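Computed from a prediction, not measured in an experiment: that's the story for all the values here.
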There are 2 protein chains.
Amino acid sequence: MSWRKEQRRAERGYHHGNLKEALLQAALGLIAEKGAAGFTFADAARMAGVSAAAPYRHFRDRDELLSSIAQRGFEQFEARLSAAWDDGRPDTVTAFERVGKAYLAFAREEPAFYNAMFESGVPVDANPALQAASERAFNIIRAAAERLAALTPPGTPRPPAMMMALHIWSMSHGVASLFSRGDAARRKLPMSPDELLEAEVLIYLRGLGFPIDRRPASTGAEPPPVPPEAPSGSGVPPGGPWGKPK
Amino acid sequence: MSWRKEQRRAERGYHHGNLKEALLQAALGLIAEKGAAGFTFADAARMAGVSAAAPYRHFRDRDELLSSIAQRGFEQFEARLSAAWDDGRPDTVTAFERVGKAYLAFAREEPAFYNAMFESGVPVDANPALQAASERAFNIIRAAAERLAALTPPGTPRPPAMMMALHIWSMSHGVASLFSRGDAARRKLPMSPDELLEAEVLIYLRGLGFPIDRRPASTGAEPPPVPPEAPSGSGVPPGGPWGKPK
DNA sequence: CGGCTCATGTAAAGGTCGTTCACATGAGCT
DNA sequence: AGCTCATGTGAACGACCTTTACATGAGCCG
């Protein structure tokens with residue numbers, strides 16, 4: 001039904017139909033291609049088939065479009081982190097590592113969003129909705145850290161969950177930003193960004209007292225003292241968090 | 001001597017004298033103010049008191065100027081990291097922590113350089129000199145990691161130094177990029193970026209088997225097994241790497 | 001159906017930038 | 001003194017961002 005309506009709008013009625021959405025999509029594509037810096041308002045308009053002034057009916061200016069994309073990015077980011085966390089199933093440590101992988105996967109698979117979110121110079125506090133979205137995403141990490149902190153083995157001081165969350169975030173962002181992005185700014189690595197981050201997080205967790213698997217150092221005298229969870233060694237490749245300690 | 005020469009050049013002789021340097025300085029100031037994205041070639045020219053076309057006598061285009069600044073940034077960066085490392089004096093761990101602090105200090109005190117180096121979208125491999133400078137800076141971290149890795153307590157597998165260096169770098173960059181930069185993009189933190197990074201690195205090192213001070217968990221049964229170095233607890237506040245494990 | 005209104009799009013214009021080109025200037029050498 | 005080449009100027013082009021006055025037509029009301 002309403003075939004004509006849709007059709008006419010799509011086929012260049014004077015009114016576009018849903019230009020706002022079209023602009024967001026166009027911008028996303030352009031950012032993916034040329035980075036947030038190279039993206040231009042005029043190009044997005046052109047790609048949507050409208051005049052250069054049309055976008056101003058939907059966004060105050062170029063920055064607002066960028067900030068909208070960043071916001072949308074944080075929403076999808078939250079969704080993916082949340083799915084990866086899966087409320088800590090099947091066990092906290094496994095789920096936690098999955099979150100780290102999801103972080104990098106997002107940075108890799110959604111470069112446009114990641115760019116808009118973290119590298120476009122958009123101030124987080126520009127848009128309250130943006131800030132809220134950003135916080136909701138971070139809260140996933142925070143919640144995961146909270147659960148992980150609650151598992152610290154007895155006899156070990158319990159780290160503040162907020163701090164853990166910030167640490168994990170900084171590691172993830174650091175790896176993503178330095179090694180897992182862009183076609184050009186990449187350095188040569190002895191291992192993949194995923195492995196790098198995984199090892200980093202595992203070493204960090206061990207530093208907090210978590211009994212992470214370490215085959216080569218295993219004296220065979222350490223029954224996992226963490227109740228009632230902790231397969232813990234889940235994704236650790238043999239040889240410890242890093243490959244082969246030659 | 002040659003008073004007249006200098007004077008006339010400074011007072012707007014047709015020829016500027018050393019426009020190249022003036023442009024670099026102007027650009028640096030502009031980037032510090034408005035970010036690498038907001039910096040404009042024309043503005044730099046204006047600030048140096050020359051026409052908009054003049055800069056092209058010294059830089060192929062805007063990107064080359066940016067890349068020059070990034071290169072200079074990496075050189076200063078290397079100098080500061082190198083001074084902080086001080087070849088591992090008085091002991092490796094202390095010096096290592098100093099390097100971390102120097103990293104953040106540079107990001108905080110030289111936002112223009114840091115921006116040009118890591119957030120301007122300049123591809124590292126654009127300019128061979130830039131890439132070389134970048135590598136020299138990283139090599140400081142790498143060398144420090146190397147020395148630290150050599151100190152792993154006996155019985156603990158020795159981590160690859162390269163990996164350690166990358167980990168430390170990613171932590172530093174993550175913290176600097178997320179929390180220690182820009183007037184706007186900053187989040188509210190329960191602790192300073194410096195403390196955050198210090199705790200992060202210490203926990204990481206402990207995860208590698210380094211006997212980092214932890215007063216509350218100290219069983220009193222651990223004579224420092226690291227020869228012949230290691231005051232190691234150097235800058236650690238009582239209560240472990242973080243404040244108070246309440 | 002006819003007309004009103006308002007959201008949505010257009011065209012034109014002003015300002016800034018990046019960049020190029022022909023031309024001017026003058027510093028240093030012979 | 002004169003030549004030459006590095007360095008700076010001015011004008012011009014095209015692209016972009018943004019504003020303003022005007023056009024269009026979708027939805028609604030009588």
* Structure fact -> Regarding the side chain of A:Thr40, the nearest nucleotide among C:dG9, D:dG8, D:dC17 is D:dC17
Quick one: [X] [atom1] to [N] [atom2], roughly how many Å, whole number?
| X | N | atom1 | atom2 | answer |
| --- | --- | --- | --- | --- |
| B:Glu64 | C:dG18 | CD | C1' | 15 Å |
| A:Leu66 | D:dC17 | CG | P | 11 Å |
| B:Lys34 | C:dT16 | NZ | C1' | 11 Å |

Student check: side-chain heavy atoms of [X] and [Y] closer than 4.5 Å:
| X | Y | result |
| --- | --- | --- |
| A:Leu28 | A:Leu24 | no |
| B:Phe138 | B:Glu78 | no |
| B:Tyr103 | B:Tyr114 | yes |
| A:Arg80 | A:Glu110 | yes |

* Start at the 5' end of DNA chain D and walk down; is the nucleotide closest to B:Asn18 or to A:Ala42 reached first? -> B:Asn18
* **Sidechain-backbone polar pair: B:Ser120 side chain, B:Ala116 backbone, donor-acceptor under 3.5 Å** => yes
* Check for a donor-acceptor pair, side chain of A:Glu195 on one end and backbone N or O of A:Ser192 on the other, with a separation under 3.5 Å. => yes
Listed pairs, N/O of protein and of nucleotides 19-23 of chain C, under 3.5 Å:
| from | atom 1 | to | atom 2 | distance (Å) |
| --- | --- | --- | --- | --- |
| C:dT19 | OP2 | B:Tyr56 | OH | 3.1 |
| C:dT19 | OP2 | B:Arg62 | N | 3.2 |
| C:dT19 | O5' | B:Tyr56 | OH | 3.4 |

* Is any side-chain N or O of B:Arg46 closer than 4.0 Å to OP1 or OP2 of C:dT16? -> no
* Asked: OP1 or OP2 of C:dA7 less than 4.0 angstrom from a side-chain nitrogen or oxygen of A:His58, does that happen here?
  -> no
Which pairs of donor and acceptor atoms, one on a side chain in residues 31-40 of chain A, lie under 3.5 Å apart (sequence neighbours left out)?
| from | atom 1 | to | atom 2 | distance (Å) |
| --- | --- | --- | --- | --- |
| A:Lys34 | NZ | A:Asp43 | OD2 | 3.2 |
| A:Thr40 | OG1 | A:Ala42 | N | 3.1 |
| A:Thr40 | OG1 | A:Asp43 | N | 3.0 |

* To do: Check DNA chain D against residues 19-28 of chain A and give the residues with a non-hydrogen atom under 4.0 Å, in numerical order.
  => none
* Asked: Between A:Phe74 and A:Phe118, what is the ring plane arrangement, given parallel below 30°, perpendicular above 60°, and tilted in between?
  -> perpendicular
